[in-house]
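Report on the following structure.
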Amino acid sequence: MSERVLTLPGSTDRFVVTDRPELTLTDRYRPLPDGMNTSHLTVVRAHQVRAGDVVVALFSDGPGTRRAEHLEEAFTADPRDYSGCQEGCEECEDTAASGLTADRYVCLAPADDVMDCVIVFRNTPVAIVPAETAAHFPPLHSVPPLPDLFALDDGEHGPYEALPVPRAFGPWQPISVSRATAEQIATDLPASHAGRHLTCRWLGDCLLIASDPRLRTDPGRPGRLIQPDADGRYRIGGLWAWQEWSTPPCPDCSTATEPVDVEGERVWRCTAADCTRRTCGTGDPDDDDDLPPYTETDPDGATIVYHGTGEIDVEATAELAAQGGPDEDD
């Protein structure tokens with residue numbers, strides 16, 4: 001990963017800018033438009049941001065070396081003095097509740113259907129692509145928005161990709177998914193806790209989600225029939241609460257984890273290069289003892305046996321090596 005060190009007039013801090021993170025299940029960073037990259041960044045104070053500047057990152061606390069903390073969604077600035085907003089967004093409510101004075105803060109972009117207001121201290125260092133530079137590249141909206149990720153049962157089933165939902169989205173509202181994702185939901189739902197009283201059946205291009213007849217509040221309704229819209233997408237929801245997809249932190253080092261399926265069981269592997277810990281995601285160490293063991297082959301071709309948690313099973317590995325080792329006569 002490349003690094004650039006930027007400076008800010010009047011500051012002795014070093015501002016380190018790194019490449020924008022790659023998109024993964026755990027790192028949801030929307031790419032910048034074609035041709036625009038971190039080589040076009042400069043650092044200014046928040047009160048120096050101008051309309052049309054593209055805000056890409058903030059920085060870790062100083063003083064000294066301060067590293068870029070990329071925003072998941074870069075945005076085009078529309079700065080104004082902070083005086084609260086008419087949208088009732090959480091950011092403005094939290095700022096007002098904290099009793100912060102408007103003369104010390106600036107709103108870099110007002111709330112819209114998707115994003116809360118972006119409110120920062122006036123002197124906060126901000127990494128931007130200046131408006132005159134950004135004008136040479138496609139606009140931010142030329143990059144398709146990343147799908148939102150949803151799950152059932154605290155991540156036991158999912159993630160399911162859906163079109164981005166508005167800021168005021170509620171968990172009982174439907175999400176818009178592709179046919180392939182609808183098929184996966186139909187497979188997972190009856191086996192989940194959320195859908196334990198539901199059945200799913202395809203009637204041609206339509207998906208019928210029906211409840212147990214004994215639990216229906218309206219006996220005349222056989223279920224919910226979901227038809228594809230003009231774009232072939234399915235709006236599914238209203239019968240259970242959707243959960244935003246997230247992965248549990250590693251209980252050893254707090255790094256984000258990634259899902260791994262082992263013997264039909266969903267577990268989580270730490271993404272830190274020097275940590276192999278796996279966890280059920282409950283935070284209870286006793287649960288980790290029940291994870292199934294697994295094996296991996298190292299670069300030299302040796303087979304390593306691991307406990308379910310990710311720790312090496314020294315005895316099993318040694319026994320396996322002895323069984324596959326050379327004969328004494330050799």
Original post:
Can you list the steps and then say if R67 with S60 is a side chain to side chain contact (heavy atoms under 4.5 Å, CB included)?
Top reply: CA-CA 5 Å; R67 305 190 69 83; S60 58; 4.1 Å; yes
Closest heavy-atom contact between [X] and [Y]?
{"X": "R179", "Y": "D205", "answer": "NH1-OD1, 3.4 Å"}
{"X": "S192", "Y": "H157", "answer": "CB-CD2, 3.6 Å"}
{"X": "L225", "Y": "C206", "answer": "CD1-CB, 3.9 Å"}
{"X": "R104", "Y": "F121", "answer": "O-CD1, 3.2 Å"}
{"X": "A131", "Y": "D53", "answer": "N-OD1, 2.8 Å"}
{"X": "A57", "Y": "A68", "answer": "CB-CB, 4.3 Å"}

Would you find more than 12 non-hydrogen atoms of other residues, nucleotides or ligands less than 6.0 Å from [X] atom [atom1]?
{"X": "E244", "atom1": "CD", "answer": "no"}
{"X": "R201", "atom1": "CZ", "answer": "no"}
{"X": "R28", "atom1": "CZ", "answer": "yes"}
{"X": "D229", "atom1": "CG", "answer": "yes"}
{"X": "E132", "atom1": "CD", "answer": "yes"}
{"X": "Q48", "atom1": "CD", "answer": "yes"}

Subject >> Stepwise side chain to side chain donor-acceptor pair (under 3.5 Å) test for R14 and T65 >> reply: CA-CA 5 Å; R14 301 169 69 253; T65 299; 3.2 Å; yes
Out of curiosity, [X] [atom1] to [Y] [atom2], how far, rounded to the nearest 0.5 Å?
{"X": "T124", "Y": "I119", "atom1": "OG1", "atom2": "CD1", "result": "12.0 Å"}
{"X": "L6", "Y": "D13", "atom1": "CG", "atom2": "CG", "result": "12.5 Å"}
{"X": "F15", "Y": "F59", "atom1": "CZ", "atom2": "CZ", "result": "6.5 Å"}
{"X": "L32", "Y": "L140", "atom1": "CG", "atom2": "CG", "result": "7.5 Å"}
{"X": "H197", "Y": "S211", "atom1": "NE2", "atom2": "OG", "result": "10.0 Å"}
{"X": "W242", "Y": "I236", "atom1": "CH2", "atom2": "CD1", "result": "6.5 Å"}

Original post:
Looking at N37, V56, V55, T76, which hits side chain to side chain contact (heavy atoms under 4.5 Å, CB included) with V129?
Top reply: V56
Exam field: side chain [X] to backbone [Y], donor-acceptor pair closer than 3.5 Å:
{"X": "D148", "Y": "A162", "value": "no"}
{"X": "H70", "Y": "T18", "value": "yes"}
{"X": "D19", "Y": "T38", "value": "no"}
{"X": "D153", "Y": "H193", "value": "yes"}
{"X": "R50", "Y": "P130", "value": "no"}
{"X": "R122", "Y": "H47", "value": "no"}
{"X": "S11", "Y": "T7", "value": "no"}

For the residue pair [X] and [Y], establish whether any side-chain heavy-atom pair is separated by less than 4.5 Å.
{"X": "S246", "Y": "L149", "result": "no"}
{"X": "P110", "Y": "D78", "result": "yes"}
{"X": "V177", "Y": "F150", "result": "no"}
{"X": "R167", "Y": "D116", "result": "yes"}
{"X": "Y234", "Y": "I185", "result": "no"}
{"X": "V143", "Y": "P33", "result": "yes"}
{"X": "P125", "Y": "R45", "result": "yes"}
{"X": "T303", "Y": "T317", "result": "no"}

Subject >> Audit row: R66, L58, side chain to side chain contact (heavy atoms under 4.5 Å, CB included) steps and yes/no >> reply: CA-CA 9 Å; R66 306 177 64 172; L58 302 178; over 6 Å; no
Are [X] and [Y] grouped together when hydrophobic residues (ILVMFWY) are joined by side-chain heavy atoms under 4.5 angstrom apart?
{"X": "Y29", "Y": "F75", "answer": "no"}
{"X": "M36", "Y": "L146", "answer": "no"}
{"X": "V16", "Y": "V43", "answer": "no"}
{"X": "M115", "Y": "V54", "answer": "no"}
{"X": "Y160", "Y": "I226", "answer": "yes"}

Original post:
So which of E22, E73, E72 actually passes salt bridge (charged side-chain N to carboxylate O under 4.0 Å, His left out) with R30?
Top reply: E73
Original post:
Between I175 and L163, is a side chain to side chain contact (heavy atoms under 4.5 Å, CB included) present by the stated rule, with each step listed?
Top reply: CA-CA 7 Å; I175 60 175; L163 292 182; over 6 Å; no
